Amino acid sequence: MSNVHVIDHPLVQHKLTLMRNREASTNSFRRLLGELASLMTYEITRELPLQDIEVQTPLETTTGRVIDGKKLVFVSILRAGNGILEGMLNVVPGARVGHIGLYRDPDTLKPVEYYFKMPSEMTERDIIVVDPMLATGNSAIAAIEKLKALKPKSIKFVCLLTCPEGVAAMQAAHPDVPIYTASIDRQLNDHGYILPGLGDAGDRIFGTQ
Ligand code: URA
């Protein structure tokens with residue numbers, strides 16, 4: 001599976017296992033997701049370009065390197081994507097945020113768009129699309145199709161969990177978009193859920209089960 005990056009840092013794997021536990025409360029699920037999102041962002045942003053700036057220390061002037069956080073856009077696929085956003089913004093507070101509202105039609109499992117709001121000047125921006133679960137891939141594929149029409153500099157996709165079916169669908173549709181995940185689970189079930197997975201991410205984040 002080329003262009004798929006499994007973030008297997010021990011802290012990421014540890015927290016993911018705690019999140020899988022059906023007994024985890026909404027409170028701890030949400031907190032763990034935030035922590036995981038921060039840790040994953042650390043890996044995902046590893047290759048971000050840096051620019052030199054002059055900085056005055058208490059002793060002298062020197063050159064330091066900074067990332068241009070404002071060029072980065074985190075795009076959340078609603079609603080579960082919002083559960084990842086806060087953790088990402090904790091480590092890149094200057095990033096802009098876009099939202100795409102897509103829901104899965106329960107019969108066809110196909111995405112239906114109901115909301116799309118992005119920052120301006122998208123041609124100058126690097127996009128990181130976030131959705132905790134890359135399952136059938138239908139929502140992520142549709143979201144990335146819309147985003148590509150805005151001609152951004154680059155697009156990456158981040159999820160907590162995926163499965164071979166989700167990766168294959170995404171790579172068939174968008175082979176140029178790297179996928180970052182904490183795990184590629186065994187399979188998708190007939191209802192579009194990842195096995196062993198962690199259940200419905202949105203319900204577990206927002207306590208709506
Ligand atoms: N969405 C979820 O929230 N969970 C899955 O397992 C698949 C899609």
Side-chain angles (χ1 to χ4, degrees), residues 1 4-8 12-37 39-40 74-88 98-116 128-147 156-174 177-209:
M1 289 185 188
V4 184
H5 307 268
V6 177
I7 301 174
D8 58 2
V12 169
Q13 295 304 315
H14 177 87
K15 289 174 195 294
L16 175 59
T17 302
L18 299 182
M19 291 179 74
R20 288 187 192 273
N21 184 351
R22 59 184 293 167
E23 303 299 334
S25 66
T26 300
N27 184 5
S28 45
F29 189 89
R30 198 184 290 150
R31 179 181 48 77
L32 287 162
L33 181 57
E35 291 169 1
L36 258 172
L39 291 167
M40 290 179 76
F74 298 147
V75 174
S76 164
I77 300 181
L78 297 174
R79 71 182 161 147
N82 277 6
I84 299 188
L85 269 182
E86 196 182 324
M88 296 181 75
H99 292 92
I100 300 185
L102 294 163
Y103 67 87
R104 276 202 302 183
D105 183 293
D107 298 323
T108 64
L109 302 183
K110 297 269 182 242
V112 183
E113 183 185 313
Y114 63 89
Y115 191 73
F116 189 86
I128 299 179
V129 182
V130 299
D131 192 351
M133 312 297 273
L134 178 62
T136 60
N138 290 338
S139 302
I141 289 167
I144 290 170
E145 247 161 49
K146 286 275 302 190
L147 291 168
K156 292 183 166 103
F157 180 80
V158 181
C159 58
L160 204 54
L161 284 189
T162 186
C163 53
E165 295 88 339
V167 170
M170 182 73 141
Q171 290 196 322
H174 300 297
V177 175
I179 300 168
Y180 293 81
T181 185
S183 175
I184 303 174
D185 276 12
R186 190 181 70 246
Q187 71 181 93
L188 206 60
N189 73 9
D190 292 343
H191 304 285
Y193 280 87
I194 294 171
L195 297 175
L198 47 71
D200 189 300
D203 279 345
R204 297 198 64 192
I205 294 164
F206 300 110
T208 47
Q209 212 148 21

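First listed ligand is number 1; within each ligand, the first listed atom is number 1. Computed from a prediction, not measured in an experiment: that's the story for all the values here.
Ranking protein heavy atoms by distance to atom 3 (O) of ligand 1, first place goes to Ala201 N, 2.7 Å. Ranking protein heavy atoms by distance to atom 5 (C) of ligand 1, first place goes to Tyr193 CD2, 3.4 Å. Looking only at heavy atoms of the protein, atom 6 (O) of ligand 1 is closest to Ile194 N, 2.8 Å.
Gln13 places a side-chain N or O within donor-acceptor distance of the main-chain N or O of Ala182, the cut-off being under 3.5 Å.
Atom CD of Glu113 is surrounded by more than 12 heavy atoms from other residues, nucleotides or ligands within 6.0 Å.
Any N or O atom pair closer than 3.5 Å counts here, and Gly202 shares no such pair with ligand 1. Backbone and side-chain nitrogen or oxygen atoms of Gly192 are examined, and none is located within less than 3.5 angstrom of a nitrogen or oxygen of ligand 1.
By heavy-atom distance, the residue among Arg204, His191, Met133 lying nearest atom 2 (C) of ligand 1 is Met133.
If you look at Ala135 next to ligand 1, the close heavy atoms, those under 4.0 Å, all belong to the side chain.
No donor-acceptor contact under 3.5 angstrom links the side chains of Asn27 and Ser25, judged on distance only.
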What do the steps show when you test Val4 against Met170 for side-chain contact (heavy atoms from CB on, under 4.5 Å), and what is the final call?
CA-CA 10 Å; Val4 184; Met170 182 73 141; over 6 Å; no

As a quick check of understanding, evaluate side-chain contact (heavy atoms from CB on, under 4.5 Å) for Phe29 and Ile205, giving each step before the final call.
CA-CA 6 Å; Phe29 189 89; Ile205 294 164; 3.7 Å; yes

Take Leu78 and Tyr114, measure what side-chain contact (heavy atoms from CB on, under 4.5 Å) needs, and give me the verdict at the end.
CA-CA 10 Å; Leu78 297 174; Tyr114 63 89; 3.6 Å; yes

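Residue contacts with ligand 1: Gly199 is included, with a non-hydrogen atom under 4.0 Å away.
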